[in-house]
Protein chains: 2
Amino acid sequence: MQLRNQVEWALHCCSVLAGLPAGRYLSTKVLAELHGVPKEYLSKALQGLSQAGLVESTLGPSGGYRLAKTPGQITFLDIVEAVEGKTSSFVCDNIRYNNPCLRKGYRADGACAIAQVMWDADQAWRDKLRSVSLADLGKTLRKTVPADILDKTQGWVLERS
Amino acid sequence: MQLRNQVEWALHCCSVLAGLPAGRYLSTKVLAELHGVPKEYLSKALQGLSQAGLVESTLGPSGGYRLAKTPGQITFLDIVEAVEGKTSSFVCDNIRYNNPCLRKGYRADGACAIAQVMWDADQAWRDKLRSVSLADLGKTLRKTVPADILDKTQGWVLERS
DNA sequence: CTTAATAAGGATATTTAATATCCTTAAGGA
DNA sequence: TCCTTAAGGATATTAAATATCCTTATTAAG
Ligand code: FES
Ligand code: FES
């Protein structure tokens with residue numbers, strides 16, 4: 001079980017967009033170059049973010065993407081779900097109903113107790129992701145990444161936004 | 001991102017084995033029939049459980065599998081990891097190092113802050129799975145599944161163990 | 001001792017999902 | 001008018017999940 005590589009891409013792109021001055025857009029081309037990933041494929045991830053309402057886009061020269069909300073309003077969960085979808089990682093095929101002791105067509109009242117545990121764990125994962133916003137991430141980055149790298153990168157991005 | 005169907009199979013098989021009287025074995029064939037899944041493929045999952053030390057097997061007629069520990073000593077996490085492996089669901093390809101502002105070969109001190117959040121969430125998922133044992137599951141099942149179904153199934157299993 | 005049943009595991013096929021590229025269209029700015 | 005861009009459909013490529021088949025060694029039952 002593994003998340004798509006687009007999740008890493010989307011998170012990093014949002015992190016960059018969160019540092020962009022108001023009104024500026026950043027194009028797929030620039031984001032792809034910054035992260036060293038294929039532009040056309042990254043575009044699919046960005047379209048997912050756009051459909052989820054996390055970013056907004058504009059066309060034409062100097063077009064691209066910007067956040068549609070403040071960094072404090074966008075969580076890791078929002079971004080992960082925009083790329084991966086909201087369905088649980090555990091899928092219950094109800095193999096319990098294949099039990100030959102049951103009459104055919106029998107259906108229980110509630111969910112299988114095993115599935116319930118798995119779904120609770122999935123929820124714990126989502127809760128954790130929901131607890132961190134892009135604003136939180138920005139704070140951490142400013143604490144842990146050398147200032148000169150942040151500055152140089154910010155300059156590089158601004159030249160292209 | 002989705003867990004394999006074998007996870008559901010393995011959890012249900014362990015649940016059945018947990019209800020087996022001491023000394024009895026249950027064969028792949030019986031477990032496959034009980035759950036309505038392909039015997040040869042289920043066998044791979046059971047081999048995983050065996051290699052993880054959760055179950056032990058014996059050959060020959062009346063052979064099969066039984067738990068290698070008490071139900072209280074086996075957690076959902078043990079079973080899930082035996083089938084899915086222990087690697088995190090989030091893989092960081094360190095796309096941050098593709099940043100053209102960095103000198104080639106630059107490596108940071110710690111992990112990327114984004115990866116860290118994803119790994120923390122993965123850990124929260126595992127913590128939740130670790131908090132539920134087969135003994136806990138048994139208690140829940142006895143509370144939620146009609147007694148006659150449990151009894152009939154138990155009889156069906158014992159005839160074949 | 002012989003025989004049938006079984007787990008283990010290697011090899012391979014099939015199906016599905018992830019990854020990636022290509023191309024067309026419509027919109028926006030110079 | 002021309003160039004740049006996002007959106008999205010179509011398709012190709014690659015990897016992983018799912019499934020089957022077959023061989024071997026081991027064990028218990030007859
Ligand atoms: S039937 Fe799906 S987890 Fe129990
Ligand atoms: S470089 Fe992998 S998550 Fe940041």
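Per chain, numbering begins at 1; letters A, B, ... match sequence-line order.
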Checklist outcome for this item: Residue pair B:Lys29/A:Lys39 against DNA chain C: nearer the 5' end by closest nucleotide is B:Lys29
Checklist outcome for this item: Whichever of B:Ser43 and A:Trp9 has the more 5' nearest nucleotide on DNA chain C, that residue is B:Ser43
Next on the checklist: Closer than 3.5 angstrom, by distance alone: can the side chain of A:Glu84 be matched with the main-chain N or O of A:Arg4 as a donor-acceptor pair?
Outcome noted: yes
Item to check | B:Thr140 backbone acceptor or donor facing B:Thr144 side chain under 3.5 Å | outcome: yes
Would you indicate which nucleotide in [options] comes nearest to any side-chain atom of [X]?
X       : options                : value
B:Leu59 : D:dT27, D:dC22, C:dA20 : D:dT27
B:Thr58 : D:dT27, C:dC22, C:dT6  : D:dT27
B:Ser62 : C:dA7, D:dA29, C:dT21  : D:dA29
A:Tyr41 : C:dA7, C:dA20, D:dA7   : C:dA20
B:Arg4  : D:dA7, D:dT18, D:dC22  : D:dT18

Taking only N and O in the side chain of [X], is any of them less than 4.0 Å away from OP1 or OP2 of [N]?
X       : N      : result
A:Ser57 : D:dA7  : yes
A:Asn5  : C:dA18 : no
B:Ser50 : C:dA8  : yes

Atom [atom1] of [X] to atom [atom2] of [N]: distance rounded to whole Å?
X       : N      : atom1 : atom2 : result
B:Glu40 : C:dT12 : CD    : P     : 17 Å
A:Arg66 : C:dG28 : CZ    : C1'   : 14 Å
B:Met1  : C:dA17 : CE    : P     : 15 Å
A:Leu17 : D:dA6  : CG    : P     : 11 Å
A:Ile95 : D:dT18 : CD1   : C1'   : 15 Å
A:Gln51 : D:dG9  : CD    : C1'   : 13 Å
B:Leu49 : C:dA8  : CG    : C1'   : 14 Å
B:Lys44 : C:dT12 : NZ    : C1'   : 11 Å

Next on the checklist: Quiz question: by atom type and distance under 3.5 Å, do the side chains of A:Gln73 and A:Thr70 form a donor-acceptor pair?
Outcome noted: yes
Next on the checklist: Quick one about A:Glu40 and A:Ser43 (side-chain donor to acceptor, distance below 3.5 Å, no hydrogens or angles considered), yes or no?
Outcome noted: no
Item to check | Most 5' of B:Pro61 and A:Gln2 on DNA chain D, judged by nearest nucleotide | outcome: A:Gln2
Item to check | Note: A:Arg126-A:Asp122 ion pair, threshold 4.0 Å (strictly below) | outcome: yes
